[in-house]
Enquirer: 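Shown below is the structure under consideration.
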Amino acid sequence: MNISTHKVLGDHRGQLIAIESASSIPFNIKRIFYIFGTQPGIPRGNHAHYKTKQYLIAVSGFCKVTFDDGQGQITYDLDEPSKGLLQEAMIWGTMHDFSPDCVLLVLASEHYDENDYIRDYDHFLRQVSQ
Ligand code: T46
């Protein structure tokens with residue numbers, strides 16, 4: 001299952017979710033980044049990674065994420081800050097339908113390396129069909 005629900009810790013002051021490297025998620029976190037200020041109708045992502053695994057959380061607002069393994073697609077709703085979505089390597093990922101207030105937090109298993117990206121869909125299909 002790619003989607004997980006994390007325990008919400010909280011009290012009268014508000015809520016808190018804790019995520020620990022290689023424990024709450026199945027890899028060591030080497031990088032974090034977040035996407036915000038998205039524009040209506042404009043998706044992000046549209047690529048796969050050779051090696052990098054990612055874990056996505058809409059910490060504010062909501063969005064949809066579509067994964068494609070070369071054989072089929074599945075779309076997930078990230079609509080709660082307690083939901084986390086694992087994107088394995090060699091999965092084409094597209095993030096779309098962002099709410100105006102969406103902040104999409106991404107935990108990544110590798111440092112940034114453009115050479116780890118597959119940005120051409122036909123090339124991706126050739127790679128996963130080998
Ligand atoms: C993903 C979605 C959700 C860096 O310099 N370091 C980084 O760690 C990242 C992720 C990007 N960049 C640079 C590369 C580009 O010049 O930031 C610029 C925008 O990156 P990109 O076009 O890849 O942005 P998105 O929103 O299409 O995709 C990013 C991630 O790359 C991707 O892995 O899943 O966010």
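Counting convention: from 1, in listed order, for ligands and their atoms alike.
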Enquirer: Does the ring centre of Phe67 sit less than 6.0 Å away from the ring centre of Trp92?
Expert: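 Centroid separation for Trp92 and Phe67: 6.0 Å or greater.
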Enquirer: Under 3.5 Å, is there a donor-acceptor pair between the Arg119 and His47 side chains?
Expert: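 A donor-acceptor contact under 3.5 Å links the two side chains.
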Enquirer: Write none if no such pair exists; otherwise list each N/O atom of ligand 1 with its protein N/O partner under 3.5 Å and the distance.
Expert:
unit_1   : atom_1 : unit_2 : atom_2 : d
ligand 1 : 8 (O)  : Arg31  : NH1    : 2.6
ligand 1 : 23 (O) : Arg119 : NH2    : 3.0
ligand 1 : 26 (O) : Arg44  : NE     : 2.8
ligand 1 : 26 (O) : Arg44  : NH2    : 3.0
ligand 1 : 27 (O) : Gly45  : N      : 2.9
ligand 1 : 31 (O) : Tyr117 : OH     : 2.6
ligand 1 : 33 (O) : His47  : NE2    : 3.2
ligand 1 : 33 (O) : His49  : NE2    : 3.1
ligand 1 : 33 (O) : Gln54  : OE1    : 2.7
ligand 1 : 34 (O) : Gln54  : NE2    : 2.7

Enquirer: Distance only, no hydrogens: is a donor on one side chain within 3.5 Å (strictly under) of an acceptor on the other, for His6 and Ser24?
Expert: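 No, Ser24 and His6 have no side-chain donor paired with an acceptor closer than 3.5 Å.
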Enquirer: What residues, two or more places apart in sequence or in another chain, satisfy side-chain hydrogen bond (donor to acceptor under 3.5 Å, both in side chains) together with Lys64?
Expert: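 Counting only residues at least two positions away or on another chain, Lys64 forms a side-chain hydrogen bond (donor to acceptor under 3.5 Å, both in side chains) with Asp77.
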Enquirer: Examine distances only and state if a side-chain atom of Thr38 and a backbone atom of Phe98 form a donor-acceptor pair shorter than 3.5 Å.
Expert: no
Enquirer: List the steps and the verdict of ring pair (Phe, Tyr, Trp, His ring centres under 6.0 Å) for Tyr112 and Tyr117.
Expert: CA-CA 10 Å; Tyr112 178 70; Tyr117 281 70; 5.8 Å; yes
